[in-house]
Amino acid sequence: MALLAEYSVAATPGRGVLEVYDADAYLSDSAALDAAERQVVAGNGYHLYLLSLQPAMQAQVTIRVWDSIPEVPAHAEGHVPVSIESETGILVVNQLESGPAGEMTLPRPGVYEGHAWWGGRRAAADYYDSYLRQDIADWTPEQTAHYLAQCPAQERYVLELAYTREPEPLDEDDVDL
């Protein structure tokens with residue numbers, strides 16, 4: 001099994017949500033977001049939603065493309081199967097409140113399948129909750145940033161993907177004339 005591409009970026013899950021989507025897939029999907037609330041990561045084919053338990057500390061998002069899908073690591077806190085179609089060959093990692101954190105160029109456009117796994121999610125949420133229990137009324141933004149940066153756990157989401165097929169052709173209605 002060979003790793004073909006890897007991209008990693010720190011992103012803040014504003015309102016507890018991070019997104020990964022094809023560069024041309026701008027519309028959100030409330031049903032997929034609702035599914036992420038139940039299973040942590042869910043999508044609609046063009047969007048993946050990653051649901052954090054905290055809204056303010058950076059989480060690491062890693063996308064790996066393999067020649068075949070690896071096993072889920074034993075240390076993963078949880079995992080789900082995922083699929084994402086990228087007509088452009090570019091995936092965007094988006095922070096819901098502050099915009100794109102970065103983007104990855106895939107080896108080629110197409111449909112990628114595999115799994116998402118995560119770690120540090122509960123520990124990061126517990127640390128954030130400890131911040132909320134502090135007497136923070138007089139804290140400066142710098143004090144808040146310093147406190148949150150001391151979190152001993154790294155919240156992490158990893159998409160382990162492999163190319164499976166070409167993207168679906170565009171419908172005539174989708175093509176600009």
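Keep in mind it's a predicted model, so treat the numbers as computed, not measured.
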- request: List for me each residue that meets side chain to side chain contact (heavy atoms under 4.5 Å, CB included) alongside R122, sequence neighbours excluded, and say none if there are none.
  value: L53, A125, D126, D129

- prompt: So Y128 and Y131, would you call those rings parallel, tilted or perpendicular, with 30° and 60° as cut-offs?
  reply: tilted

hydrophobic_cluster_shared for V65 and L159, side chain cutoff 4.5 Å: yes

- request: Before giving the answer on side-chain contact (heavy atoms from CB on, under 4.5 Å), spell out for Y157 and V40 the whole-Å C-alpha distance, their side-chain angles and the decisive distance to 0.1 Å.
  value: CA-CA 10 Å; Y157 300 89; V40 181; 4.0 Å; yes

query: Out of curiosity, does I136 fall in the hydrophobic cluster containing M57 (side-chain heavy atoms, cut-off under 4.5 Å, transitive links)?
result: yes

- prompt: Which class fits the ring pair H75 and W117: parallel under 30°, tilted 30 to 60°, perpendicular over 60°?
  reply: perpendicular

message: Are V82 and V61 linked, directly or through intermediate hydrophobic residues, by side-chain heavy-atom contacts shorter than 4.5 Å (ILVMFWY only)?
response: yes

query: Can you list every salt bridge (charged side-chain N to carboxylate O under 4.0 Å, His left out) pair that touches residues 31-55, not counting sequence neighbours?
result: none

field: Check: E77 side chain, G120 main-chain N or O, donor-acceptor pair, under 3.5 Å
entry: yes

- line: Tested for side chain to side chain contact (heavy atoms under 4.5 Å, CB included) against I84, the lone hit among D22, L161, I63 is L161

- request: Go through the structure and list residues passing side chain to side chain contact (heavy atoms under 4.5 Å, CB included) with Y7, not counting sequence neighbours.
  value: V9, V93, M104

Q150 CD: over 12 foreign heavy atoms closer than 6.0 Å: yes

field: Beyond-backbone contact of E155 with Q54, side-chain heavy atoms, under 4.5 angstrom
entry: yes

field: Within 6.0 angstrom of H79 NE2, more than 12 heavy atoms from elsewhere
entry: no

